[in-house]
Every structure is written in structure tokens, then in C-alpha cells.
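In what follows, a structure is listed as C-alpha cells, so that the remarks can point back to it.
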Amino acid sequence: MLDEARRKARQSEVCVTLHHGDAARPPLTAASFDVVLARHVLWAMPDPSAALAKWVQLLRPDGRLILIEGRWMTGAGLSATECTALVRQHRREADLRTLDDPALWKKTITDQRYLILSCR
């Protein structure tokens with residue numbers, strides 16, 4: 001995945017710093033990030049609440065948490081209700097936005113896909 005991220009960064013002429021580590025316990029400095037973004041990762045964590053707690057610790061006081069998650073037709077994933085409740089265990093705000101527009105996926109979807117934005 002890191003090789004692919006490097007390739008995409010070069011292709012897009014974007015300068016990024018990538019780290020290899022445990023997604024549930026990132027080896028990064030607390031309160032040093034403006035944004036933590038995770039796409040289809042939280043649902044796969046052995047303890048989603050503990051992972052969220054670590055991710056929130058990485059944020060500066062005015063930092064934003066952005067989660068893109070879903071509950072797929074296979075039954076895997078987290079429902080929007082479950083994920084919103086998890087975020088609210090660690091943050092005051094959890095703004096849920098559905099991502100069901102077929103234009104986003106180039107097809108009609110039947111499962112639940114969403115974004116949660118938390119600014120505090």
C-alpha cells in the first residue's frame with residue numbers, strides 16, 4: 001500500500017511523508033495533526049473504540065476527524081449508527097453524511113456508505 005501511495009504521489013506531483021506502523025496505534029506524535037482521515041479502516045480494527053481514541057489523540061485541539069466507512073451487502077463493516085456512536089465516545093460532534101450518490105461509485109449501490117466529520 002505504501003508503494004502505491006508513493007506512486008500516486010509522484011504521479012500527482014504531491015509531496016507526502018508516509019509512515020509504516022500499526023493503524024490502531026500509529027507511531028506518531030500526539031496533538032500534531034490538523035486532520036486524521038481513514039477510509040474503510042475502522043471497521044477492520046480489533047477494537048474500533050481504542051483505535052479511535054488513538055487517532056483522536058493525534059489531533060491538534062482544533063483538528064478534524066474524517067471517517068469514510070460503510071456497512072456492505074456482505075454484512076461486513078459498521079453501520080452509520082454504530083460508527084456515529086463510536087465517534088461520540090471520543091468527540092462531542094459527529095456529522096453524518098451519506099455517500100449514496102451513484103456518481104461517487106460509478107454505479108447504483110445497495111449497501112450503506114457514509115462519511116463522518118468531527119471537528120470537536
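If you read the sequence from its start, that first residue is 1, and numbering goes on from there.
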All salt bridge (Lys or Arg N to Asp or Glu O under 4.0 Å) counterparts of Glu4, not counting sequence neighbours: Arg7
Thr74 side chain to Ala76 backbone, donor-acceptor under 3.5 Å: yes
Partner residues of Arg92 under the salt bridge (Lys or Arg N to Asp or Glu O under 4.0 Å) criterion, sequence neighbours left out: none
Interatomic spacing from CD1 in Ile109 to CE in Met73 - rounded to 0.5 Å: 9.0 Å
Same apolar cluster (I L V M F W Y, side chains within < 4.5 Å links), Leu59/Val41: yes
Gap separating the CG atom of Asp100 from the OG1 atom of Thr110, nearest 0.5 angstrom: 11.5 Å
Interatomic distance, Leu42 atom CG to Asp47 atom CG [nearest 0.5 angstrom]: 9.5 Å
From CG (Asp3) to CG (Leu18), nearest 0.5 Å: 9.5 Å
Within one Ile-Leu-Val-Met-Phe-Trp-Tyr cluster: Leu37 and Leu28, side-chain cutoff 4.5 Å: no
Glu69 (side chain) donor-acceptor with Gly77 (main chain) under 3.5 angstrom: no
Residue pair Lys107 / Pro102, side-chain heavy-atom distance below 4.5 Å: no
Residues forming a ring-ring contact (aromatic ring centres under 6.0 Å, His included) with His40, sequence neighbours excluded: Trp72
ILVMFWY network linking Leu117 to Leu104, side-chain heavy atoms under 4.5 angstrom: yes
Show me the donor-acceptor pairs, under 3.5 Å and distance only, between side chains in residues 29-36 and residues at least two apart or in other chains.
residue: Ser32; atom: OG; partner: Thr29; partner atom: O; Å: 2.4
residue: Asp34; atom: OD1; partner: Arg60; partner atom: NH1; Å: 2.9
residue: Asp34; atom: OD2; partner: Arg60; partner atom: NH1; Å: 3.3

Counterpart residues, side-chain hydrogen bond (donor to acceptor under 3.5 Å, both in side chains), relative to Glu82 (two or more places apart): Ser79
Shortest non-hydrogen contact from Arg91 toward Cys119: NH2-C, 3.1 Å
Pro26 and His19, any side-chain heavy atoms less than 4.5 Å apart: no
Linked, directly or transitively: Leu67 and Trp43 (ILVMFWY side chains, under 4.5 Å): yes
Nearest atoms (heavy-atom pairs only) where Leu86 meets Leu78: CD1-CD1, 4.0 Å
Straight-line distance of Lys8 NZ to Gln11 CD, nearest 0.5 Å: 8.5 Å
Shortest non-hydrogen separation from Arg88 to Ala94 and the atoms involved: NH2-O, 3.2 Å
Between CD1 on residue Ile116 and CD on residue Glu93, distance to nearest 0.5 Å: 11.5 Å
Whether His90 side chain and Val56 backbone form a donor-acceptor pair below 3.5 Å: no
Heavy-atom pair with the smallest gap, counting every atom of Leu52 and Val87: CD1-N, 3.8 Å
Check: Trp55 side chain, Ala50 main-chain N or O, donor-acceptor pair, under 3.5 Å: no
Leu115 side chain near Ile66 side chain, heavy-atom distance below 4.5 Å: yes
Minimal non-hydrogen separation, Cys83 against Tyr114, with atom names: CB-OH, 3.1 Å
Common cluster, Val16/Met1, ILVMFWY with side-chain heavy-atom separation under 4.5 Å: no
Enclosure of Arg64 CZ (heavy-atom neighbours >12, cutoff 6.0 Å): no
Shortest non-hydrogen contact between Ala24 and Met45, atoms and distance: CB-SD, 3.7 Å
Residues forming a side-chain hydrogen bond (donor to acceptor under 3.5 Å, both in side chains) with Arg113, sequence neighbours excluded: Asp111
